[in-house]
Amino acid sequence: MNAEDFPAPDADVETTTPDALKDRLDSGEDVTLLDTRMQSDYDEWHIDGENVTSINVPYFHFLDEAIAADVLDSIPSDEHVTVLCAKGGASEYVAGTLVERGYDVDHLEDGMNGWASIYDRETVSRYDGAGTLYQYQRPSSGCLGYLLVSDGEAAIVDPLRAFTDRYLADAIDLGADLVYALDTHIHADHISGVRELDDEGVEGVIPGASVDRGVTYADELTNAEAGDVFTVGAAEIETVYTPGHTTGMTSYLLDGSLLTTGDGLFIESVARPDLEEGDEGAPDAARLLHETLQERVLSLPDDTLVGGAHFSDAAVAADDGTYTATIGELQDGMDALSMDTDDFVELILADMPPRPANHEEIIATNLGQRAVDDDEAFSMELGPNNCAASQESLAGD
């Protein structure tokens, strides 16, 4: 039986939206979740947090009229529970069976797909370049993007295909024309929106250094080389070549104030070096990353902000709610940034998480070697990004 192919429950079931659930989590409220997906899906990706109690009981345990006592005993009867699944069908049915038995439950609208549709925009308050800088945050996967708006023009760095319309609408709402869409590298965890935005009249930009990986559409877009500058209103975006995570990894310095480091440096960790050349090439890539960080990133002024393309559960947001930090703060809090080459390489190869789900298919799609529709693209990138070198935070070590 398909987990989403369920009849409507006999009991009335209340629905909660993904945004409402996130508001509860952000407010610090203790939340209990009953995740009814299969254990393998749950183990790969689920909603977690300090104030989250997450229980995994697959939906099929609720199909029989007589539900096993140990199943019911695993679900708190004295507190509110939100039931969820992949798309919302199974969770509504399960919630109905629990309502009939006196439990206080609701179910998550559109399930984990709905959770993956949340995309917040926060103002980077410490940005002091021309214009205003915003950080996009996708809590389901930890993906981050950056929208720079200045004097009626805007640029988006590391856009996601799933939110193409959102960028265009936000630029209009902010009184700007979206003129550039820039990728930092060939992403392995999500489908890039640069080509879709280019089709909408926005100038798409990819790192020239990434073209040799097999980009099929390079001639259709602008290829950014080290030192290239893109003007957005009164602001300037400078291209900084920062290889290590990949050979094509490129950062963009936004009006001298914030460096969008892609997957090169995060506020809680550094890049994993194995997604392009695998385990065999990881040590050399790690050495290159160390050189890049020391000579091209940490050499910038201490008050330069860093904004990566991702954050993990181990990341702590700044006071403005963004996942940004200054170079000085990162050097003070992350011992890895002051290590010599050998110690650095040993550290980041020691505790790498599993590679991102579907990373080979996602890379092929972002190279233009594989075509997928919007629904498949959205499904491919569900789950954590796992682009950092460590499973735990390196900050404060």
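Computed from a prediction, not measured in an experiment: that's the story for all the values here. The chain is numbered in sequence order, starting from 1.
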Taking only Lys NZ, Arg NE, NH1 and NH2, and the carboxylate oxygens of Asp or Glu, determine whether [X] and [Y] approach each other closer than 4.0 Å.
{"X": "Asp198", "Y": "Arg195", "result": "no"}
{"X": "Arg161", "Y": "Asp374", "result": "yes"}
{"X": "Arg121", "Y": "Asp170", "result": "yes"}
{"X": "Asp263", "Y": "Arg272", "result": "no"}
{"X": "Glu329", "Y": "Arg126", "result": "yes"}

Value rounded to 0.5 Å, distance of CD in Glu280 from CG in Asp274: 12.5 Å
Rounded distance (nearest 0.5 Å) linking atom CE of Met38 with atom CZ of Phe60: 4.5 Å
Closest contact, heavy atoms only, Leu289 versus Ala271: CD2-O, 3.6 Å
Any donor-acceptor pair under 3.5 Å linking the side-chain atoms of [Y] with those of [X]?
{"X": "Tyr42", "Y": "Ser54", "result": "yes"}
{"X": "Thr247", "Y": "Glu276", "result": "yes"}
{"X": "Thr324", "Y": "Thr322", "result": "yes"}
{"X": "Thr326", "Y": "Asp303", "result": "no"}

Can you tell me if [atom1] on [X] sees more than 12 non-hydrogen neighbours from other groups inside 6.0 Å?
{"X": "Asp373", "atom1": "CG", "result": "yes"}
{"X": "Gln39", "atom1": "CD", "result": "no"}
{"X": "Glu360", "atom1": "CD", "result": "no"}
{"X": "Glu14", "atom1": "CD", "result": "no"}
{"X": "Glu376", "atom1": "CD", "result": "yes"}
{"X": "Asp319", "atom1": "CG", "result": "no"}
{"X": "Asp177", "atom1": "CG", "result": "no"}

Output field: ring centroids Phe311/Phe266 closer than 6.0 Å: no
Full working for salt bridge (Lys or Arg N to Asp or Glu O under 4.0 Å) between Asp30 and Arg24: CA-CA 8 Å; Asp30 290 333; Arg24 292 170 60 197; over 6 Å; no
Hphob cluster co-occupancy, Val205 + Val240, side-chain heavy atoms under 4.5 angstrom: yes
Ile237 reachable from Leu265 in the ILVMFWY side-chain graph, under 4.5 Å edges: yes
Which residues share a ring-ring contact (aromatic ring centres under 6.0 Å, His included) with His187, sequence neighbours left out: His185, His190
Parallel, tilted or perpendicular: ring planes of Tyr167 versus Tyr119, cut at 30 and 60 degrees: perpendicular
Side chain to side chain donor-acceptor pair (under 3.5 Å) partners of residues 137-150, not counting sequence neighbours, each pair once: Gln135-Gln137, Gln135-Tyr146, Arg138-Glu381
